[in-house]
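In what follows, a structure is listed as structure tokens, so that the remarks can point back to it.
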2 protein chains.
Amino acid sequence: MEASGISMDDLLDSLRRSGLRVTPQRLEVYRVVAVSKSHPSVVEIYEAVRRIIPSISMDTVYRTLWTLSQIGLTSPVSSSGDRVRFDSNRSPHHHFICAKCGEIRDFTSGSLDDMPIPREAGDFGDVWGAHLEIRGLCRNCRKPGRNSKRKEPEHG
Amino acid sequence: MEASGISMDDLLDSLRRSGLRVTPQRLEVYRVVAVSKSHPSVVEIYEAVRRIIPSISMDTVYRTLWTLSQIGLTSPVSSSGDRVRFDSNRSPHHHFICAKCGEIRDFTSGSLDDMPIPREAGDFGDVWGAHLEIRGLCRNCRKPGRNSKRKEPEHG
DNA sequence: ATGCATGCAAATGCTTTGCAGCGTG
DNA sequence: CACGCTGCAAAGCATTTGCATGCAT
């Protein structure tokens, strides 16, 4: 897991700094999200973790994900209306969200990374990170006839 | 309602262009979201519309909001984990989201508005709009002792 | 030792869906 | 006049919660 550039040490530090306990469940849930290339849903994370810790339960996954998000290690990504999904906060990236099918695609942008955080935002509190969220119509949904409903995303 | 800069004509055009029917429910739901300064939840929108169209039902509000979102007139804003909220797409703005309490604050930024959409995003499809999403810790949650749980946001 | 974290299972609601009648185009 | 849209009520299901036990500190 160290191979993919994930630092479990950072996780340990973050947990301890926040006065939270280091448990196998937390380690594994984090690892799964961190390794994932997409935006795993809670069930997907649950399934993956279960292969390592068969006794883990759904609610622990939920609780863990919120805990990790609260200390900045993961972020809920919401396809909004769909079930919640999670992103690890390593390697900053941005989202293209299709307004029609709800699909979320990642992209990176050097020019955006250089962009300074507007000070207006800093007035609200501590800024941990930022990403651009772009709404539009994906190639698939642009095609006539492809009237993809939100609940049956034809993927793209 | 024209007073607040909302163009009902745009709504009519958009609906017709998409082959959708113009109904009082759609007009009113859109108006409520467009007028709102914050990020109304579905229930809040429902309550507001009900004052004008007492017979409207919750599911119509849901359906209408998704419909409007699919043609780009509103956007689901997800406090993620919380219930869905909606934003009208007039006047571009950005979001500061507190990782701890989930509160979403708006801000505008001239410098950001000038920022070009990275072409990487355009590869995915048609771009309708973009906004920056900043995660961090709000002033309230920064204070020690204020361990605001996600479900009981102490507001800020 | 001391409590936070976990698992289990039941509860909670938000959100969706099927269908008949109505209103828009 | 035809078909999309609405309302109603019931179903679906993602997410949360209470509690006893286990484990990290």
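Keep in mind that this is a model prediction, so the values were computed, not measured. Below, each value reflects all heavy atoms present in this structure, side chains not excepted, and no hydrogens, waters or symmetry copies. Reminder, nothing fancy here: chain letters follow the sequence lines and each chain counts from 1.
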With respect to the phosphate group of [N], does any side-chain polar atom (N or O) of [X] fall under 4.0 Å of OP1 or OP2?
X     : N      : value
A:Q25 : D:dC23 : no
A:Y62 : D:dT16 : no
A:T23 : C:dT6  : yes
B:W66 : C:dT15 : no
B:S57 : D:dT6  : no

Can you tell me the distance, in whole Å, between the [atom1] atom of [X] and the [atom2] atom of [N]?
X     : N      : atom1 : atom2 : result
B:E44 : C:dC14 : CD    : P     : 12 Å
A:I53 : C:dA5  : CD1   : P     : 15 Å
B:R16 : D:dG4  : CZ    : C1'   : 15 Å
B:R50 : D:dG7  : CZ    : P     : 12 Å
A:L27 : D:dC23 : CG    : P     : 15 Å
B:L15 : D:dC5  : CG    : C1'   : 12 Å
B:M58 : C:dG13 : CE    : P     : 13 Å

(message) Is a donor from one side chain sitting under 3.5 angstrom from an acceptor on the other, for B:D59 and B:S57?
(response) yes
(message) Any donor-acceptor pair under 3.5 Å linking the side-chain atoms of A:D87 with those of A:S75?
(response) no
(request) Would you confirm whether B:R85, through its side chain, and B:P76, through its main-chain N or O, come within 3.5 Å as a donor-acceptor pair? (result) no
(message) At 10 degrees resolution, what angle do the end axes of the helix from C:dA1-D:dT25 to C:dG25-D:dC1 form when each is taken over five base pairs?
(response) 60°
(request) Take the angle between the ring planes of A:F124 and B:F107 and call it parallel below 30°, perpendicular above 60°, tilted in between. (result) tilted
(message) Applying side chain to side chain donor-acceptor pair (under 3.5 Å) to B:T23 and B:R21, what does each step give before you reach the verdict?
(response) CA-CA 6 Å; B:T23 69; B:R21 294 189 176 171; over 6 Å; no
(message) Looking at A:R21 and C:dC4, is any side-chain donor or acceptor paired with a base atom of the opposite kind under 3.5 Å?
(response) yes
(message) When you measure only distances, ignoring hydrogens and angles, does the side chain of B:R63 come within 3.5 Å of the base of D:dG4 through a donor and an acceptor?
(response) no
